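This is a predicted model, so every value here is computed, not measured.
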Amino acid sequence: MAVRKLKPTTPGQRNKVIGTFDTITSSKPEKSLLRPLKKTGGRNNTGKMTMRYIGGGHKRMYRVIDFKRLKDGVPAVVESIQYDPNRSARIALLVYEDGEKSYILAPNGLQVGQTVVSGDNVAPEVGNTLPLSVIPIGTIIHNIELRPGQGGVMARSAGTFAQLAGRDGGYAIIKLPSGETRRILVTCRATVGVVSNSDHALEKSGKAGRSRWLGRRPHNRGVVMNPVDHPMGGGEGRASGGHPRSRKGLLAKGYKTRAPKNQSNKFIIERRKK
């Protein structure tokens with residue numbers, strides 16, 4: 001996967017950097033795996049705006065992704081690699097031996113025609129899903145479960161991966177993309193490989209209109225508001241309003257918001273890097 005920088009034939013193209021889409025093999029999604037996706041425009045059930053900066057955007061259909069991979073021992077062939085408008089990573093359409101179809105997150109290096117499988121007695125190859133108890137230490141993984149049978153919830157965005165650093169009793173020690181090291185039950189599952197579209201972070205929209213296509217409305221900063229509207233507002237010229245904080249006054253930029261009595265704190269060995 002690579003990116004391409006466009007020639008400045010228009011103002012919007014001048015700073016535009018987009019993906020090449022060279023790994024995508026099909027532009028038509030599997031109809032049986034599509035679901036409607038309703039937009040709220042940031043409004044609640046009474047029509048009142050409760051979330052700012054949301055609205056508009058292109059109509060989308062949701063692609064049902066199999067994050068659990070529970071069809072153990074049934075090989076599946078990769079039919080196509082597709083674009084998903086709802087996530088930064090690419091998705092792969094699998095066709096199982098029994099004819100069932102499903103979408104998974106496509107890892108880097110997964111090719112059309114390749115066979116993937118899930119289960120306990122499976123080789124730790126790219127695209128295969130295994131319990132953490134049988135994955136070799138040092139393996140790069142993604143789509144990691146936090147609770148057995150829950151389905152993968154960690155390391156799912158484009159280019160991300162975690163590393164299995166070791167095992168201690170009934171727990172696996174995982175080093176996460178954030179730099180955090182934590183323990184997870186060895187009965188939880190993960191998929192081998194790095195999530196596809198690793199160059200997603202290099203992309204630039206080039207113009208404000210592309211943000212509108214994604215459903216994002218203009219976002220105004222707190223320092224340009226009046227004191228009545230934001231704690232950081234007011235002041236003459238460009239004077240900003242003291243320590244960075246939210247509109248409700250909650251400190252930002254380093255203030256810890258995690259509950260000190262959170263039950264999952266005992267599983268975290270090393271905190272994420274600041």
Side-chain angles (χ1 to χ4, degrees), residues 1-6 12 15-30 33-40 42 51 53-69 78 80-94 102-112 116 126-127 129 140-146 150-163 174-180 190-217 219 272-273:
M1 185 69 189
V3 293
R4 58 194 177 106
K5 190 177 188 315
L6 279 73
N15 298 306
K16 187 175 175 183
V17 181
I18 58 172
T20 57
F21 301 101
D22 53 356
T23 57
I24 292 174
T25 62
S26 174
S27 58
K28 198 170 185 181
E30 174 60 35
L33 297 172
L34 296 180
R35 299 291 183 272
L37 192 61
K38 188 181 177 184
K39 289 185 183 292
T40 63
M51 294 290 290
Y53 320 126
I54 296 174
H58 200 287
K59 186 177 180 180
R60 298 176 181 177
M61 293 288 278
Y62 180 73
R63 277 79 168 158
V64 179
I65 311 292
D66 180 15
F67 293 114
K68 294 187 177 182
R69 302 284 296 275
V78 179
S80 62
I81 307 292
Q82 299 181 13
Y83 171 80
D84 188 349
N86 306 300
R87 64 192 69 249
S88 55
R90 303 291 180 241
I91 56 175
L93 178 62
L94 303 185
S102 72
Y103 278 126
I104 64 165
L105 295 179
N108 271 345
L110 194 70
Q111 303 289 334
V112 173
V116 296
V126 171
T129 299
I140 299 298
I141 52 178
H142 67 277
N143 191 38
I144 308 160
E145 290 183 332
L146 266 178
Q150 176 191 18
V153 294
M154 294 190 294
R156 300 194 328 193
S157 63
T160 56
F161 61 89
Q163 187 172 23
I174 306 291
K175 190 169 179 61
L176 295 170
S178 63
E180 178 177 294
T191 306
V192 178
V194 180
V195 184
S196 56
N197 197 21
S198 53
D199 288 329
H200 175 74
L202 303 175
E203 294 184 16
K204 294 181 183 176
S205 64
K207 61 180 184 180
R210 278 177 67 97
S211 291
R212 303 305 297 264
W213 299 343
L214 298 175
R216 299 171 190 157
R217 293 177 63 230
H219 191 128
R272 64 184 179 182
K273 295 179 179 65

Least distance between heavy atoms, [X] atom then [Y] atom:
X      : Y      : answer
Ala89  : Asn197 : CA-CB, 4.4 Å
Pro107 : His142 : CB-CE1, 3.7 Å
Leu110 : Ile81  : O-CD1, 4.0 Å

Pairwise distance [atom1]([X]) to [atom2]([Y]) - rounded to 0.5 angstrom:
X      : Y      : atom1 : atom2 : answer
Asp66  : Leu105 : CG    : CG    : 10.0 Å
Ser196 : Ile91  : OG    : CD1   : 9.5 Å
Ile24  : Ser80  : CD1   : OG    : 10.0 Å
His219 : Ile54  : NE2   : CD1   : 11.0 Å
Ile65  : Asn143 : CD1   : CG    : 10.0 Å
Arg90  : Ser198 : CZ    : OG    : 10.5 Å

Which pairs count as side-chain hydrogen bond (donor to acceptor under 3.5 Å, both in side chains) when at least one residue sits in residues 207-217, sequence neighbours excluded? none
Check against side chain to side chain contact (heavy atoms under 4.5 Å, CB included), Tyr103 and Gln82: CA-CA 9 Å; Tyr103 278 126; Gln82 299 181 13; 2.6 Å; yes
Evaluate the side chain to side chain contact (heavy atoms under 4.5 Å, CB included) criterion for residues Thr23 and Asn108: first the C-alpha distance (whole Å), next the side-chain angles of each, then the deciding distance (0.1 Å), finally the verdict. CA-CA 10 Å; Thr23 57; Asn108 271 345; over 6 Å; no
Return the set of residues passing side-chain contact (heavy atoms from CB on, under 4.5 Å) with [X] (not counting sequence neighbours), or none when no residue passes.
X      : answer
Arg60  : Leu37, Pro85, Asn86, Leu214
Thr40  : none
Lys39  : none
Lys175 : Thr181, Lys273

Run the side-chain hydrogen bond (donor to acceptor under 3.5 Å, both in side chains) test against [X] and tell me which residues pass, sequence neighbours left out.
X      : answer
Tyr62  : none
Tyr83  : none
Thr129 : Arg69, Thr191
Ser88  : none

Quick check on Lys204: does its NZ atom have over 12 non-hydrogen neighbours (other residues, nucleotides or ligands) under 6.0 Å away? no
For Met61, look at atom CE and say whether over 12 heavy atoms of other residues, nucleotides or ligands are found less than 6.0 Å away. yes
Kindly indicate whether the side chain of Ile18, heavy atoms from C-beta on, has any atom under 4.5 Å from the side chain of Leu6. yes
Between Pro29 and Arg63, is there a side-chain heavy-atom distance shorter than 4.5 Å? yes
By salt bridge (charged side-chain N to carboxylate O under 4.0 Å, His left out), which residues pair with Asp84, not counting sequence neighbours? Arg87
Who are the ring pair (Phe, Tyr, Trp, His ring centres under 6.0 Å) partners of His58, not counting sequence neighbours? none
Can you give me every donor-acceptor pair (side chain of residues 152-163, partner residue at least two apart or in another chain, under 3.5 Å) with its distance?
unit_1, atom_1, unit_2, atom_2, d
Arg156, NH1, Gly152, O, 2.7
Thr160, OG1, Ser157, N, 3.4
Thr160, OG1, Ser157, O, 2.6
Gln163, NE2, Gly138, O, 3.2

Can you check side chain to side chain contact (heavy atoms under 4.5 Å, CB included) on Ile174 and Ile141, steps first, answer last? CA-CA 9 Å; Ile174 306 291; Ile141 52 178; 3.9 Å; yes
Donor-acceptor contact present, side-chain Glu145 to main-chain Gly151, <3.5 Å: yes
Could you go through the side chain to side chain contact (heavy atoms under 4.5 Å, CB included) check for Gln111 and Val78 one step at a time? CA-CA 7 Å; Gln111 303 289 334; Val78 179; over 6 Å; no
